[in-house]
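Report on the structure given below.
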Amino acid sequence: MPCRVLRAMIRFENVTKVYDQKARPALDSINLEIDRGEFAFLVGASGSGKSTFLRLVLKEDRATSGAVYVAGQNVARISSWRVPRLRRGIGVVFQDFRLLPQKNVFANVAFAMQVIGKSRSVIRDTVPEVLKTVGLEGKEHRMPHELSGGEQQRVAIARAVVNRPGILLADEPTGNLDPTTSMGIMGVLDKINQNGTTVVMATHDDDIVNEMRKRVVELKNGVVIRDEARALYTSMIPVVGQSRRLKDASGRETPDGGLPGTGAEGEVQR
Amino acid sequence: MRLAFILSEIGSGLRRNLSMVVSVILVTFVSLTFVGAAGMLQMQINQMKGYWYDKVQVAIFLCSDGSTAPSCASGPVTPEQQQGLNALLESPSVAQYINDFQFESRDEAYKHFKDQFSNSPIVDSVTPDQLPASFRINMKDPQKYQIISETFSSQPGVETVIDQRQLLERLFSVMNGASLVAVGIAGVMIVCAILLIATTIRLSAFSRRRETGIMRLVGASKTVIQLPFILEGVIAAVIGAALASGTLWAVAQFFLGDYMSRQYPDTAFISSGQTLILAPALLILGGSLAGISSLLTLRRYLRV
Ligand SMILES: Nc1ncnc2c1ncn2[C@@H]1O[C@H](COP(=O)(O)OP(=O)(O)O)[C@@H](O)[C@H]1O
Ligand SMILES: [Mg+2]
């Protein structure tokens, strides 16, 4: 058991999130573990709770009940002045890129290092390296409006990983891109995952999911209805209500309501 | 690095919000000028009170070489006359009305005069022998001034008996009233300044919400996110306070120093140097008002 706790980079224990008392919960008693170094898709229709899941990992919102562990640490127990440290260990990319329009590619990526006090020389060395990883060599001085959507998303990914976070959360990163460009972005995310970063990607792009053959966690109305390793966007197994046993990445059955994380509380670093 | 970053953020914030920043500067300038004006009026009152005002109520001036009063026709006061007056002050008939009295010699009078009129051109043309010696009396009941006046006016060696308070009290009450008005206007203006700073910071935070959102996501600390906004308000307010201090200095230097002291040479005015005492107070007041109102605004309008 302790071994599993240590392996889990993200762990949800009976997590429920209610935004509005009158509506159904956005997430309803979620139990889920994502291991260090894993690549997991979070799929499901719009409104199924994918973004809410990612927001809880970031401590952007508080779980109504249950516990969220990131690198063995219960995020509810992280005091507000230490939340920045949690977020330094997590990179995030969005559908809408969120670049700073008046800064060029280099400056957009460097911004993430400047604001946490990295020295000029470290920035000068690291940024070109990361831009190379995402395939933007030689485009340091372009402005965001001079880039295609795919290139803009690569800048956003570079910014998200430039501080070497242990986790990369991607909320529909290909939502605004055509299929070919999307596959290019997936290549970048896969490469980052190969380098040891845990990647969780929310999407409803079935082609991508089918192509990648990674773990798929399917949400519906805030409930996990499927959790399959090396899976497709739509299940091959017929779903019978919610009584079906869920499987984790290694194919083992995941018991409901596991023990709280008692493992070492580590930094979110890869 | 982080400092350079914060400074450049402040610079871009000030540029982007220029018209709002200018209005913050002007409003704090006007409000702190009124605060400072109230302070200057109080300083001026103190200046005019001179050495004796708060200590005694009645002065008995003795005849000197330059006295022209008929009672001084026989020349300056003699030591015998002076001792007689001293004895009279200590006699039971007079002592029952007074708490105590002090003798001010000509040299002491000259010293006090120099202190009070240090800012006036008149100080250079006065010598000790032009100033009379005097007895300064602290009354048990200031209303009993008439008794002292009647007893001493006719004594040999006495030039005149003056109730100093009566001369200045009405003027001081006018000046105190003006101070209160200035403080009242300052209060209203300070409320304006606080609201305007809050609005400016809110707009600034709104126009830079994309940057701050990214800063939050990549784990920038609360200080790095908030400090540029707070300093933006504080810098604007401090500039306003500096302008207010400069204005007060200019009023003392040119209006009081050059114009008023020529119009009223027998009145002691504060010097422009004295108004600089107000400057640090105004700077701190302006800066802290801006800092506190920015901080409270950010707590509501900037997620960190
Ligand atoms: N800030 C919010 N306030 C109220 N309801 C919200 C908020 N964010 C999301 N919801 C609701 O929670 C549910 C899940 O939303 P979300 O997590 O954004 O789903 P997805 O990302 O899968 O489209 C939806 O019903 C949505 O309306
Ligand atoms: Mg969403």
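Model, not experiment: these values are computed from the prediction. These values consider heavy atoms only, across backbone and side chains, with no hydrogens, waters or symmetry-generated copies. Residue numbers begin at 1 in each chain, while the letters A, B, ... track the order of the sequences.
- Residues of residues 201-230 of chain B lying within less than 4.5 angstrom of chain A, judged on heavy atoms, are B:Arg210, B:Glu211, B:Ile214, B:Met215, B:Arg216, B:Leu217, B:Val218, B:Gly219, B:Ala220, B:Ser221, B:Val224 in numerical order.
- Chain B forms more heavy-atom pairs under 4.5 Å with one residue of A:Leu100, A:Val92, A:Leu58 than with any other, namely A:Leu100.
- Shown here is B:His112, whose NE2 atom has more than 12 heavy atoms of other residues, nucleotides or ligands within 6.0 Å.
- A distance-only check finds no donor-acceptor pair linking the side chain of B:Gln47 to the backbone of B:Ala268 [under 3.5 Å].
- Taking CG of A:Asp125 as the reference point, atom CZ of A:Arg120 lies at 13.5 Å (rounded to 0.5 Å).
- At most 12 heavy atoms of other shown residues, nucleotides or ligands fall within 6.0 angstrom of atom CZ in A:Arg62.
- Under the 4.5 Å side-chain criterion, counting only non-hydrogen atoms from C-beta, A:Ser148 is not in contact with A:Thr181.
- Heavy-atom pairs under 4.5 Å with chain B peak, among A:Ser80, A:Pro84, A:Ala112, at A:Pro84.
- Within the 4.5 Å cutoff, side-chain heavy atoms of A:Tyr19 are placed close to those of A:Thr52.
- Taking a cutoff of 4.0 Å between a charged side-chain nitrogen and a carboxylate oxygen, A:Glu129 and A:Arg164 qualify as a salt bridge.
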